[in-house]
There are 2 protein chains.
Amino acid sequence: MATIRDVAKLAAVSVATVSRVLNNNGYVNKETKEKVQQAIQLLQYEPNTMAKGLAGKKTETLALVLPDISNPFFSEVARAVEDVAQLYGYTVVLCNTDSDTDKEQTYIQVMKRRYVDGMLFASNTLRAADVLMLNKANIPLVVLDRAPANVPCLVVRSKNNEGAKLAIRHLLDTGCRRIAHIYGPQETATGKERLIGYEEAVRSFPWYSPTLMEPGQFSIQGGMAAAEKLMERHPDIDGIFAGNDLMALGALKKLQQLGIPVPGRVSLIGFDGIELTRITEPELSTIAQPIYEIGATATRLLIKKIEGVQLENETYECEVELMARGSTRGNAEAGR
Amino acid sequence: MATIRDVAKLAAVSVATVSRVLNNNGYVNKETKEKVQQAIQLLQYEPNTMAKGLAGKKTETLALVLPDISNPFFSEVARAVEDVAQLYGYTVVLCNTDSDTDKEQTYIQVMKRRYVDGMLFASNTLRAADVLMLNKANIPLVVLDRAPANVPCLVVRSKNNEGAKLAIRHLLDTGCRRIAHIYGPQETATGKERLIGYEEAVRSFPWYSPTLMEPGQFSIQGGMAAAEKLMERHPDIDGIFAGNDLMALGALKKLQQLGIPVPGRVSLIGFDGIELTRITEPELSTIAQPIYEIGATATRLLIKKIEGVQLENETYECEVELMARGSTRGNAEAGR
DNA sequence: TCTAAATATGGTATCGGTTACACATTCTGC
DNA sequence: GCAGAATGTGTAACCGATACCATATTTAGA
């Protein structure tokens, strides 16, 4: 492979000049520039990113840390992150943590050694100590959803509480009179805030009872199990708000298996707005977060931070939107 | 950040010795080793991957090139790739091509500059010229599904033709007498081979007609449109084999919208075995590829190749398996 | 006891870039 | 016509590792 010195020799200039041409900085005469560019062409020269990174202290690499890329929510985020990164000339490194603190630690270590320019965490296992350490190591980071308490860092998130209330209001508006909630892990901000939103929205009703809440681990399986328990416990439930779409999908499946018409007897709404909510029949109503936008915004912020732009806000909150579709009463024909 | 020289100084040895300790090669006295390790601890030393890559010609990085990470098939592959890579100490860089040759070219360029140790292509846009170029540049690669014709390279794939026949046989076995096919893009080996498998399996039947085949672009939308057209054209269709699960999912949705009972009036089977086939009611019968295994195997092969192991086979074919579930007749209770 | 092999360690060139600094030439404005 | 800024280019130190080679000491075998 040709090196910068080969190019310099062929173009009969110094390596410094070639470097200037490559990076388009400093003064270079127009003809010299052309000469150099010809040499580059001729030699099929490609600058070595390793050498560049070593000398220039920039690797043009971002680390994306998430629980599991095969979860559709995260793969949509990942897609957005990569798109924006690519646009700005950055490369994305993928890290699956399975929400395991040890794995996360290992990745942080490895990414530090790799001198990634920045890190994006879509993971609830991030610890305050890590944030401080990364700050000290001068590695910019952006956190999706939630940062550890008491440490300053950039966060991009959605209005979970508001979204939960939106969901409940929609169920009430479409005639539901007894609404259950399938909630996500309470270690996650997402799971917790949506649960709180639900409670705040329903606790003043006479029918409210804590037994209307059931955990579903943010998974399809969990959603199925929770729906089954809920319907057994309270056969008169006529609305279910699931804390994310996967659990809602599971609940839908279980209800269909039990022969309970959706939305005929039970209305169902999820949260997130992943694509999969459109593949079922009926389509799933949901509180949509702008998933792609969240990933894209987070990445743009991260890159700004890397490039030294001062950012005022610490937390960026994204709006959520009610998608009323077939799984909630009165919307059987919606979304077609 | 501490460097190897800081460690050397603190431990009162040379950098060469520290390097030996780090890489566990060459002769090092036991006590010296401990001294060095203590210094490493004390300084919280982390070797700089850039420097290592530059000096040692190994970056411990793999590039994963695929059309779109948000497609569940590919995100499952990606998960497998990253798991295995992580296990062997490699880092995975993500590249979404959208099956766009230009984008792919750009990525190949960028990855060459980054001196990735190997590349994994799960993309049908790879051109013969690229393979040759990568060979010349001495960058190992593994291709999922299909390599360009006439170039030697490692391929990991599934038995598509056989799988298609398995699907048809299953539909016939469960009583179908007029089977349609929704096929994928014919530029892809996957799409083509499954279509051929279908044709070979059904062309001897009196009911066979080319109008029983309809393209569906491997997408949910495409599957819906195709199912609609097919049912309009041949209302007596009682079985549909879709060339992948996404199209089958789309077809299922459309059939349900049209009020056509599945599997009551039409049996439906997909191909791939993605997780999503389990979220519908009825669950989708499918010809399952071992998706995770494919990704994992491809990665293991790639790493072997990187580490200089001679590999005999050029093509590794994976077995496919019939998953008879609710969407095909006689299996309404299956999978519960 | 002598020699060759095994063990242990250090010095330093090298990988392929960036960039500070030095030096030369050409513009400008007064 | 000249000072000082703007333009243009080269030299070489440096980034932080690896690894080749040299050298010194121990060990083992004959």
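Just so we're on the same page: letters track the sequence lines, and every chain starts at 1.
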Whole angstrom value for the distance that separates [atom2] of [N] from [atom1] of [X]:
| X | N | atom1 | atom2 | answer |
| --- | --- | --- | --- | --- |
| A:Asn48 | C:dT14 | CG | C1' | 13 Å |
| B:Lys33 | C:dT7 | NZ | C1' | 14 Å |
| B:Glu34 | C:dA8 | CD | P | 13 Å |
| A:Ile4 | C:dT14 | CD1 | P | 18 Å |
| A:Met50 | D:dT18 | CE | C1' | 15 Å |
| A:Met1 | C:dT14 | CE | P | 21 Å |
| A:Asn25 | C:dT18 | CG | P | 9 Å |
| B:Arg114 | C:dG17 | CZ | P | 14 Å |

Of B:Val18 and A:Arg5, the one whose nearest nucleotide on DNA chain D sits closer to the 5' end is A:Arg5

Starting the side chain at C-beta, find the nucleotide from [options] nearest to [X].
| X | options | value |
| --- | --- | --- |
| B:Leu54 | D:dG16, C:dT18, D:dC21 | D:dG16 |
| B:Pro47 | C:dC21, C:dC15, D:dA17 | D:dA17 |
| B:Arg20 | D:dG16, C:dA20, C:dG10 | C:dG10 |
| B:Ser14 | C:dG10, C:dT18, D:dT18 | C:dG10 |
| A:Ala16 | D:dG16, C:dG17, D:dT11 | D:dT11 |

Under 4.0 angstrom, heavy atoms only, what part of the nucleic acid is [X] near: base, sugar-phosphate, or nothing?
| X | result |
| --- | --- |
| B:Glu31 | nothing |
| B:Ala8 | nothing |
| B:Val15 | base |
| A:Ala11 | nothing |
| B:Tyr115 | nothing |
| A:Ser19 | base |

Taking the side chain from [X] and the backbone from [Y], do they hold a donor-acceptor pair closer than 3.5 Å?
| X | Y | value |
| --- | --- | --- |
| A:Asp68 | A:Ser70 | yes |
| A:Asn71 | A:Phe73 | yes |
| B:Thr49 | A:Arg113 | yes |

Could you report the tightest heavy-atom contact between B:Ala8 and B:Val15, atom names first, then the distance?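 In this case the closest contact between B:Ala8 and B:Val15 is CB-N, 3.8 Å.
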
Flag if over 12 foreign heavy atoms under 6.0 Å of NZ, A:Lys304: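 Open.
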
Query raised in the report: Just wondering, are more than 12 heavy atoms of other shown residues or ligands nearer than 6.0 Å to OH in A:Tyr292?
Result: yes

Looking at C:dG17, does its base get a donor-acceptor pair with the side chain of B:Arg113 below 3.5 Å?
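No.
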
Atom pairs, N/O to N/O, protein against nucleotides 3-8 of chain D, distance under 3.5 Å?
{"residue": "D:dT7", "atom": "OP2", "partner": "A:Tyr27", "partner atom": "OH", "Å": "2.7"}

Are any of [X]'s side-chain N or O atoms less than 4.0 Å away from OP1 or OP2 of [N]?
| X | N | answer |
| --- | --- | --- |
| B:Lys58 | D:dA17 | no |
| A:Asn23 | C:dT18 | yes |
| B:Thr17 | C:dT9 | no |
| A:Thr3 | C:dG16 | no |

Given side-chain contact (heavy atoms from CB on, under 4.5 Å), test B:Lys58 with B:Ile306 step by step and report yes or no. CA-CA 10 Å; B:Lys58 282 250 324 179; B:Ile306 289 170; 4.0 Å; yes

Just checking, is any N or O donor in the side chain of A:Arg114 or B:Thr91 under 3.5 Å from an acceptor N or O on the other one?
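There is such a pair between these side chains.
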
Assess the side chains of A:Thr190 and A:Thr188: does a donor N or O sit below 3.5 Å from an acceptor N or O?
-> no

